[in-house]
Amino acid sequence: MTTKQSTTAYEGVQVHSEQLISDFKALMMDAEELIKATAIHEDGLLSTIRSKTLDTLNHAKESLSTMEGTLSEKATVVAKGADEFVHRNPWESIGVAAGLGLLIGLFIRR
């Protein structure tokens, strides 16, 4: 893998992690909108469930904001580690890739 390909691989991992985070944020916003749309119902049980759900969403937002940076950093580290392994052991990497391709082919065939 060349340096240009390595950089592209790192960027690809980062893009995927950023996409996952943005999808989760969109899901949380949609859930909040759904909960707010049920606000017209003042039933005791529904109000309790809505309150608990909003608390859970707020806690999830806080957790997501603290883990967002960590996820991107870990994804980059994993991509760099894989790239270094492939550079140190090119033939082993080719063998592993061929073996995985064979297994996937066998499973698909069935």
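Computed over heavy atoms, backbone and side chain alike; hydrogens, waters and symmetry mates excluded. All figures in this text were calculated on a predicted structure; none of them were measured in a lab.
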Applying side chain to side chain contact (heavy atoms under 4.5 Å, CB included) between Lys52 and each of Asp55, Thr48, Leu54, report the one that passes. Thr48
Are side-chain heavy atoms of Asn58 and Glu32 found at a separation under 4.5 Å? yes
So, the side chain of His87 versus the backbone of Asp83: is there a donor-acceptor pair under 3.5 Å, distance only? yes
Quick one: salt bridge (Lys or Arg N to Asp or Glu O under 4.0 Å) partners of Lys25, sequence neighbours excluded? Glu68
What pairs with Glu92 under side chain to side chain donor-acceptor pair (under 3.5 Å), at least two apart in sequence or on another chain? none
Between the CG atom in Leu57 and the NE2 atom in His59, the distance rounded to the nearest 0.5 Å is 11.5 Å
Considering all heavy atoms, the nearest Ser93-Val86 contact: OG-CA, 3.4 Å
